[in-house]
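What follows is a short report on a single structure.
FYI, side chains are in, hydrogens and waters are out, and symmetry mates aren't considered; it's all heavy atoms of this structure. Numbering of residues begins at 1 and proceeds along the displayed sequence.
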Amino acid sequence: MCLALPALVVERRDGDEALVELGGVRKSVSLALVPAAAVGDYVVVHVGFAIGLLDPEEAARTLALFAEAAEAAR
C-alpha cells in the first residue's frame with residue numbers, strides 16, 4: 001500500500017532539504033522533485049520525498065478526511 005500525505009513546508013534548508021509539518025509532527029524531507037516549493041506551500045510527501053505541490057484548499061480537505069478516518073477508528 002502506498003500512502004502520500006499533504007504536509008506544510010515550514011523551513012527550507014540547505015540543498016533540496018526542507019522541514020515539513022503534518023499534524024504537529026515535523027519531519028525533514030527532500031524537495032528534489034519539487035524545487036519550486038517554498039515556505040507556506042503544501043506538498044504531497046511520500047517516503048521522505050515531496051512529490052508535488054498541493055493547493056491549500058485541497059490539502060485542508062484531505063487532512064480533514066484523515067482526521068475523520070482517525071476519529072472513526074477510535
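Nearest heavy atom pair, residue Gly40 against residue Leu8, reads O-CD1, 3.4 Å. When all heavy atoms of Ala38 and Val9 are compared, the closest pair comes out as O-CB, 3.5 Å. Residues Ala4 and His46 approach most closely at CB-CB, 4.1 Å, considering heavy atoms. Summarising the geometry of Ala50 relative to Val34, their closest heavy-atom pair is O-CG2, 3.3 Å, with the distance given to 0.1 Å.
By the criterion of side-chain heavy atoms lying less than 4.5 angstrom apart, applied directly or through intervening Ile, Leu, Val, Met, Phe, Trp or Tyr residues, Val47 is not grouped with Leu54; the two fall into different hydrophobic clusters. Leu3 is connected to Leu22 through a chain of hydrophobic side-chain contacts under 4.5 Å among Ile, Leu, Val, Met, Phe, Trp and Tyr, so both are in one cluster.
Scanning for side-chain hydrogen bond (donor to acceptor under 3.5 Å, both in side chains) contacts around Ser28 gives Glu17, with sequence neighbours left out.
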Please tabulate, one pair per line, all N/O donor-acceptor pairs under 3.5 Å involving side-chain atoms of residues 61-74, not counting sequence neighbours.
unit_1 : atom_1 : unit_2 : atom_2 : d
Arg61  : NH2    : Glu58  : OE1    : 2.6
Thr62  : OG1    : Glu58  : O      : 3.0

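Taking NZ of Lys27 as the reference point, atom CG of Leu19 lies at 10.5 Å (rounded to 0.5 Å). Here the CG-CG distance, from Leu31 to Asp41, works out to 9.5 Å after rounding to the nearest 0.5 Å. The CG atom of Leu33 lies 6.5 Å from the CZ atom of Phe49; values are rounded to the nearest 0.5 Å. Between atom CG of residue Asp55 and atom OH of residue Tyr42 there is a gap of 10.5 Å, rounded to the nearest 0.5 Å.
In this structure, Val10 and Arg26 have side chains that are in contact, with non-hydrogen atoms separated by less than 4.5 Å. At a threshold of 4.5 Å between non-hydrogen side-chain atoms, the residues Ile51 and Val45 do not count as touching.
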